Amino acid sequence: MSLPTADAPALLSVRGLEVTFGENPEPVLHSVSFDIRPGERVAIVGQSGSGKSTIIGSILRLLPGDGHITGGSILLDGEDLSRASEQRMRSIRGRRIALVPQDPASNLNPSMRVGAQIADALAASGSRSKAEIDRRVLELMTEAGIPEAERRAKQYPHEFSGGMRQRVLIAIALSREPELLIADEPTSALDVTVQRQILNHLQTLVDAHGTSLLFITHDLGVAADRTDRIIVMSEGRIVEVGTPAEILLSPQEEYTKRLVAAAPTAVAAVRVASASSAVKPGPILEVSHLVKEFKIRGQRGSILKAVDDVSFSVERGTTTAIVGESGSGKTTVARIILGLESATSGTALVDGEGITSSRGRQRRALRRRVQPVFQDPYGSLDPTYSIEKLIDEPLRIFKVGDRRSRQERVAELLDQVALPRTVAQRRPNELSGGQRQRVAIARALALHPELLICDEAVSALDVLVQEQILTLLADLQTELGLSYLFITHDLAVVRQIAHNVVVMKRGRVMEQGATNTVFESPSSDYTRELLSAIPGASLVG
Amino acid sequence: MLNYLATRLWQSIVTLILASMVVFFGVRQLPGDPALAMAGEEATPERLAAIREQLGLNESIITQYVKFVGNMVRGDFGQSTRTGAQVTDLVAATLPVTLWLSAYAIVVAVIVGVLLGVIAERFRGRWPEWMANALALIGLSVPNFWLGILAILYLAVAFGLFPASGYVPISRDPFQGIYHLTLPAIILGTSLAAVIMRQTRASMIETMKTDFVRTARAKGLSRPRVLFRYGLRNSLIVVVTIIGLQLGGLISGAVVTERIFALPGFGKLTLDAVFTRDYPVIQAVVLLITVGYILINLAVDILYSVINPRIRVGGKS
Amino acid sequence: MTVVEIRNPGLGSARGRIWRSLLRSPLGLTGGVMLAIVMVLGLIAPLIAPYGPAEVHFDAPFQAPGTIGYILGTDDLGRDIFSRMLFGIQVSLQVGFLSVLLAVAVGTPLGLLAGYWRGLDGIISRLTDVTLAFPFLIIAVGLSAISGPSLTNAAIALGIAQIPTMIRVVRGETLRIRETDFVLGAKTMDASGVRIIFSHILPNAVSAIIVQATVIMPVAVIGEALLSFLGLGIQPPTPSLGIMLSDAQQYISRAPTAAIFPGLAIVLICLGFNLFGDALRDALDPTNASRK
């Protein structure tokens with residue numbers, strides 16, 4: 001594939017773009033300038049809040065709410081879109097610039113057949129007959145990789161899987177053969193294997209049509225794999241621009257260096273804690289032949305095996321990760337260990353005792369030793385509580401100490417998770433996501449547990465914050481001799497923190513063993529597939 | 001879909017049975033002896049006993065309930081203690097008036113409410129939205145019977161735009177019938193229109209903020225097309241359920257509207273029965289309204305499942 | 001280990017933010033002022049009313065508004081409309097608050113139970129359906145047939161009719177909150193259902209309950225007027241805005257103002273609650289807060 005020459009005239013040329021929201025004097029985009037040449041693939045990489053989505057809104061002139069362009073220009077073949085009329089924009093949207101949006105779950109009209117939604121995009125050009133449109137809809141669906149297009153066109157979005165919906169959105173975007181395709185994190189809501197299929201397909205189609213691509217992502221690895229040029233953004237400014245090799249291998253700016261270092265796949269900085277010598281050996285958690293069946297609602301007699309004969313153990317002072325895609329049963333396993341769900345058969349024993357089988361005082365004593373840290377730092381803290389009340393709630397439930405001693409314990413815990421003691425009187429909505437996750441960890445530590453069950457504990461965080469929290473967890477493990485069961489879909493995180501790994505798929509264990517062994521010589525096809533699907537592998541591996 | 005309908009039907013039957021029990025035992029709580037009321041104060045003890053026997057008052061309460069249900073199902077509501085007329089005949093004479101009035105009011109309310117709701121969304125932050133919001137707030141805050149009194153005073157009496165009272169059966173003279181019902185229907189529909197407007201506006205604003213609307217606009221569709229094909233369609237699903245929920249208020253409103261415009265409807269029958277303590281009529285009226293309410297809500301739910309593809313195909317809502 | 005720095009300090013408590021947001025909304029402020037006026041008038045009615053509510057002046061019927069001594073005029077029996085209106089407002093608010101109290105007191109626990117223990121959901125849903133099938137007018141008809149029309153019966157009828165919507169609101173909130181991770185977290189510590197309901201679910205549902213109460217209030221005030229207008233609610237000589245309207249309708253062409261002022265009083269009360277309720281809902285809406 002030939003790279004576009006540097007002196008070709010730009011298809012889209014953004015100059016000094018500045019965007020503000022409402023009355024707020026501080027712009028969210030500060031003088032952003034970049035070019036996209038015909039056939040070129042450009043990535044904008046940044047964390048949430050970096051302004052990358054605002055750029056899309058500006059180009060398509062679909063800024064949300066009260067956002068407006070306050071400076072600069074957006075030239076499409078010399079025509080300034082920032083000043084174009086709504087009428088004019090309508091003839092550009094879909095026809096010359098099309099969008100593949102982020103979340104396939106929310107971007108299709110739930111009360112409209114899928115075929116009609118593609119037809120709608122075609123009809124916007126107005127020059128085709130009904131029969132021609134119908135034929136083209138099927139063509140587009142087939143091209144986007146949707147089998148049985150004729151039947152599926154008559155279905156509603158909720159009858160499609162996430163990956164299939166994303167294919168529909170791609171079909172819509174490509175329907176009028178645009179010159180520029182904007183892909184806004186097109187696969188971040190999908191499982192990693194599906195992600196790869198969709199991206200490959202999108203890339204094939206884009207290459208075949210010679211379409212320019214503006215690819216928005218938070219994932220440096222994906223950007224490096226898929227594009228010719230990377231624009232790194234932070235806080236509404238462009239930090240650095242370069243080819244994938246330049247950005248990944250010799251970043252110039254401090255921010256890019258941090259981003260590259262934190263990007264889990266590019267450089268596998270291993271933070272696995274060395275087992276503390278103070279910890280006595282032996283397993284803290286033993287799961288054997290665990291089975292969980294669910295009855296499927298509405299269908300009499302049909303049963304879903306969410307967990308199917310799962311066995312593994314967690315050694316004291318170490319981290320075991322369960323990795324799998326959504327629907328693999330990994331969260332159900334965690335819920336059973338926490339006693340939130342009862343197993344159909346099999347056992348999950350903490351130091352030889354099961355939470356669901358024990359009663360009364362014994363059960364309460366066991367509860368103290370196993371504590372959860374949940375995924376969403378916004379949902380796991382009661383917004384009506386102060387930070388102090390949140391952290392000492394476990395102490396109050398288990399009637400530990402008096403007011404004074406509980407206050408001291410809260411201060412101590414805040415120190416441990418590196419939060420200033422002054423946050424004690426704040427409420428969760430005053431803290432950032434990473435700070436909240438620190439509060440959640442402090443709360444989990446309150447009762448001196450031995451085992452933490454971390455259910456996707458860092459997945460909702462930006463990559464830099466993710467790194468800080470993983471470091472904190474590793475430090476705490478060394479310091480307190482904690483054991484972790486780490487539930488995640490993110491193989492990169494596994495490599496960073498876990499001593500052992502259990503790979504699950506559809507309720508079954510595909511493979512398990514020491515992390516290094518599994519990563520370097522995977523024994524199951526599924527693990528190999530997962531590993532090769534990790535973005536960024538092409539440059540590092 | 002079938003599963004959903006079966007569940008819904010079963011729920012409605014349970015509700016119907018419970019509601020009929022409430023009516024049956026409620027009527028038993030009424031002061032006074034029904035036999036005495038029928039026979040009059042001068043009746044001899046023998047005559048009273050005979051009437052008791054005839055009414056089945058000596059039988060067990062369960063037998064009485066079963067008989068009561070049986071009579072109701074057969075459409076036998078007994079006789080008015082005041083006039084001696086068959087309650088069924090009284091109902092048949094008055095019910096059409098109220099049904100026409102309510103249906104008319106619902107149509108007016110849906111048209112006005114949805115229209116204002118769409119206008120409010122389309123012109124967000126500008127004067128049409130303020131006007132529409134103000135109208136809805138007034139509609140919610142003004143008692144409709146007061147509005148009715150003022151309407152008669154100023155629109156009907158002072159300007160003669162509408163008749164102040166009177167009823168012409170629509171089956172006899174459709175034009176005159178509709179003309180006579182127009183003012184009452186507008187008055188009755190006011191608060192329903194306000195509720196529908198606010199609901200339409202709120203869900204339109206929600207819908208127009210969704211990702212799929214942005215995606216539709218990114219396709220190059222015009223704003224009106226997005227508004228109707230993507231926005232309104234999803235918002236109307238909510239409006240249908242609102243009508244079901246507001247039915248209770250509508251029935252209460254119909255009673256007072258009929259009173260103000262002197263319409264010979266169900267409301268008048270109800271009020272006359274209450275003030276003359278005509279228990280068989282009260283019992284019939286209450287039961288019919290309740291049954292009607294339950295059946296209409298069942299119909300609304302079925303309609304809802306038809307227009308909402310997610311229920312139509314899947315099992316879960 | 002470095003201590004994480006807290007950025008946006010001084011955001012203030014959630015309560016402070018809600019108050020500020022309420023005060024910043026001109027419509028909410030207007031509603032609040034209207035409510036303040038109405039409540040003060042209702043409270044001090046006996047102190048400022050020139051006459052008793054049922055005091056007749058046969059020598060001065062149908063006085064026009066503005067007449068000295070009768071600021072808003074008199075009705076057919078020479079009763080002072082201003083005084084009757086003040087007492088009528090008092091009665092309207094009494095009935096309104098009583099029915100809101102009933103709806104909250106019954107609806108909240110039932111909503112919590114239905115939302116938290118799925119086993120009870122079916123039973124409570126059927127009870128709600130049955131209650132919904134009886135419009136408030138029908139409940140009032142039943143109650144007044146059994147024990148005669150009265151203020152209490154009107155309030156009870158209106159309150160019962162609002163219980164289902166209150167249950168629905170609280171149940172919805174409970175369903176939402178019980179699925180949050182903080183409730184799961186409490187469950188992993190074997191916190192009892194009662195503890196979870198009182199320490200997590202109820203505090204998070206309170207704002208929805210308050211907003212729903214501001215919705216019920218105007219409905220109840222209009223409902224009381226309607227029942228009294230039909231003779232099914234408040235009974236004379238107790239004054240009521242509804243009775244005043246019913247009386248005024250009989251001599252409407254002679255003294256239209258006798259029908260206008262009581263109606264305006266009802267509108268003032270309801271508009272106040274609706275405006276205030278809307279502003280409160282906006283202020284409590286977390287999606288609004290994050291934008292500021």
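None of the values given here were measured: they were computed from a predicted structure.
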Proximal component of C:L268, with respect to chain B [non-hydrogen, under 4.5 Å]: neither

Choice from B:N144, B:T270, B:V274, B:I260 maximising heavy atom contacts with chain C below 4.5 Å: B:I260

Most contacts with chain C, counted as non-hydrogen pairs under 4.5 angstrom, among B:I251, B:L16, B:I149: B:I149

Most contacts with chain B, counted as non-hydrogen pairs under 4.5 angstrom, among C:I260, C:L271, C:L232, C:L230: C:L230

Side-chain donor/acceptor of C:Q212 to backbone N/O of C:V169, under 3.5 Å: no

Proximity breakdown for B:V256 and chain C, heavy-atom pairs closer than 4.5 Å: both

For chain C, the option from B:I294, B:L250, B:L140, B:V14 that forms the most heavy-atom pairs under 4.5 Å: B:L140

Polar side-chain atom of C:E224 near backbone of C:V95 as donor-acceptor pair, under 3.5 Å: no

Validation row: B:S20, B:Y65 side chains within 4.5 angstrom (heavy atoms): yes

Top contributor to chain B interface from C:I138, C:V221, C:L132 [non-hydrogen pairs under 4.5 Å]: C:L132

Which atoms of B:L137 approach chain C - backbone, side chain, both or neither, heavy atom under 4.5 Å: both

Best-contacting candidate, B:A19, B:P143, B:S141, B:G249, against chain C by heavy atom pairs under 4.5 angstrom: B:S141

Trace of the salt bridge (Lys or Arg N to Asp or Glu O under 4.0 Å) decision for B:E129 with B:R126: CA-CA 6 Å; B:E129 191 201 5; B:R126 283 185 275 160; over 6 Å; no

Whether B:F68 and B:F24 hold their rings parallel, tilted or perpendicular, with breakpoints at 30° and 60°: tilted

Heavy-atom pairs under 4.5 Å with chain B, option from C:L264, C:T131, C:L275, C:V219 with the top count: C:L264

Between B:T210 and B:R214: side-chain donor-acceptor atoms closer than 3.5 Å: no

Contact origin within B:I296 toward chain C - heavy atom pairs under 4.5 Å: neither

Residue, of C:A259, C:G272, C:P218, C:G142, that accumulates the most heavy atom pairs under 4.5 Å with chain B: C:A259

Distance (rounded to the nearest 0.5 Å) between B:L135 CG and B:M131 CE: 6.0 Å

Pairing of C:D121 and C:R126 as salt bridge, 4.0 angstrom limit: no

